[in-house]
Amino acid sequence: MPHIRHILGFVLAIVTLLTLVPFAAAQSEPNVTVSDQAIINSAVVVDSVASSGPGWIAIYTEEAGRPSAILGYSWVADGVTENVGVAIDTTGATETLYAKLHVDDDKIGTFQFPEGPDGPMPSDDWEVVEGFEVTVGVGVADQPVLNRTVSVAKVFSAGPGWIVIQAQANGRPGPFLGHSPVVDGANSNVVVDIDTTNLAGTLYAVLFNDAGTLGLYEFPGSDVPVEAAGHVIGPAFQVIGAEPSELPEAGSGPLAWPLVLVALGALVLFGGLGITMVRGPR
């Protein structure tokens, strides 16, 4: 009987091994899982990344239904990593983004693509990539103020809304400087007329909803800032040049005296010509 128990134990071990091998193989297969989400603090989050060796998760824009340009990337270790945050260039974001897994070859910890060996990680599906939708978000760059306006490169709104420019006060959005409407979905290069009287170095582009009378900005009122995961969708940006809040008065400034001298010269010239014409030849 003991030998029968040994045989049964051996058979059970073989069955268990045959069961676990496919599971382990499935677990080691590269994979990416990502959900539709808001862009918060100029970053997105990839739910889960399973990498065969160290790698990179890169966020791509969408063009013609496929990944196009890289907006940002983050390093991942071998195996499964959850909740991978990736800082991205929000000014170039598209309504659909892609999370693609790359290898980390040669210089570990240095992203070398496209001019290096860190290409897409191969898998049974050729590439490990997953698309997702941007629900809400704002992308704005540092910029000068031109003609008392600023431009917000990207606004993703869930329904009609407003992009509101606010000055900084105590390290957070403060006085309201101006607003412009945005439509549901993706908006590009939204121009906002602003009050430059008390312009500060740091401004905020804050997304508001349009919850009351459509097309009528109602704040204080029903139109309030949009939030996602407890964060207001309103990135900061820097004013790197500004126009004077008031135009100079006519006749003042450095051009006044040259204009006066030109006018006096003209009077003398024409006065002399007049005297000559009156006297005439004798």
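Just so it is clear, the model here is predicted, and its values are computed rather than measured.
Applying the under-4.5 Å side-chain rule to Ile, Leu, Val, Met, Phe, Trp and Tyr, the cluster around Val45 consists of that residue alone. In the hydrophobic clustering (ILVMFWY side chains linked at under 4.5 Å, chained through shared members), Ile70 is joined by Trp56, Tyr60, Tyr73, Trp75, Tyr98, Ile108, Phe111, Phe113, Val129. With a 4.5 Å cut-off between side-chain heavy atoms of Ile, Leu, Val, Met, Phe, Trp and Tyr, the cluster of Ile57 takes in Val32, Val34, Ile39, Val44, Val46, Val49, Ile59, Leu71, Val76, Val84, Val86, Ile88, Leu97, Leu101, Val103, Met121, Val128, Phe132, Val134, Phe156.
Counting only distance, with no hydrogens or angles, the side chain of Thr61 and the backbone of Thr94 share no donor-acceptor pair below 3.5 Å. In this structure, the side chain of Asn189 does not engage the main chain of Lys154 through any donor-acceptor pair within 3.5 Å. For Asn147 (side chain) and Thr149 (main-chain N/O), no donor-acceptor pair under 3.5 Å exists by modelled atom type. Of the possible donor and acceptor atoms, none in the side chain of Glu218 sits under 3.5 Å from a partner among the backbone N and O of Gly221.
Interatomic distance, OG1 of Thr96 versus CD of Glu62, reported as 5.0 Å (0.5 Å rounding).
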Pairs of donor and acceptor atoms involving the side chains of residues 136-145, under 3.5 Å and at least two apart or interchain, shall be tabulated with distances.
residue	atom	partner	partner atom	Å
Asp142	OD1	Gln238	N	2.8
Gln143	OE1	Ser151	N	2.8
Gln143	NE2	Ala141	O	3.0
Gln143	NE2	Ser151	O	2.9

May I have the list of side-chain donor-acceptor pairs in residues 157-167 shorter than 3.5 Å, sequence neighbours left out?
residue	atom	partner	partner atom	Å
Ser157	OG	Gly159	O	2.5
Trp162	NE1	Asp223	OD2	3.3
Gln166	NE2	Gly174	O	2.9

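Nearest heavy atom pair, residue Ala228 against residue Ala38, reads CB-CB, 3.6 Å. Annotation for Pro175 and Ala169: closest pair CD-CB, 4.0 Å, computed over non-hydrogen atoms. Pro120 and His102 get closest at one heavy-atom pair: N-ND1, 3.6 Å.
Applying the ring-ring contact (aromatic ring centres under 6.0 Å, His included) test to pairs two or more places apart or on separate chains, those with a residue in residues 184-213 are Phe208-Phe219. Listed by first then second residue, pairs satisfying salt bridge (charged side-chain N to carboxylate O under 4.0 Å, His left out) with a partner in residues 104-120 number zero, not counting sequence neighbours. The ring-ring contact (aromatic ring centres under 6.0 Å, His included) analysis of residues 29-54, with sequence neighbours excluded, yields no pairs.
Between Val182 and Val190 there is a side-chain heavy-atom pair separated by less than 4.5 Å. Side chains of Glu133 and Glu95 form a contact here, defined as non-hydrogen atoms less than 4.5 Å apart. Counting heavy atoms from C-beta outward, Ile194 and Leu199 have side chains that approach closer than 4.5 Å.
Listed by chain and residue number, nothing satisfies the side-chain hydrogen bond (donor to acceptor under 3.5 Å, both in side chains) test with Thr213 (two or more places apart in sequence, or in another chain). For Ser180, there are no side-chain hydrogen bond (donor to acceptor under 3.5 Å, both in side chains) partners, not counting sequence neighbours. Listed by chain and residue number, Lys100 satisfy the salt bridge (Lys or Arg N to Asp or Glu O under 4.0 Å) test with Glu127 (two or more places apart in sequence, or in another chain). Taking Asp195 as the reference, Thr197 meet the side-chain hydrogen bond (donor to acceptor under 3.5 Å, both in side chains) condition, with sequence neighbours excluded.
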Can you list the steps and then say if Ser51 with Thr81 is a side chain to side chain contact (heavy atoms under 4.5 Å, CB included)? CA-CA 8 Å; Ser51 181; Thr81 307; over 6 Å; no
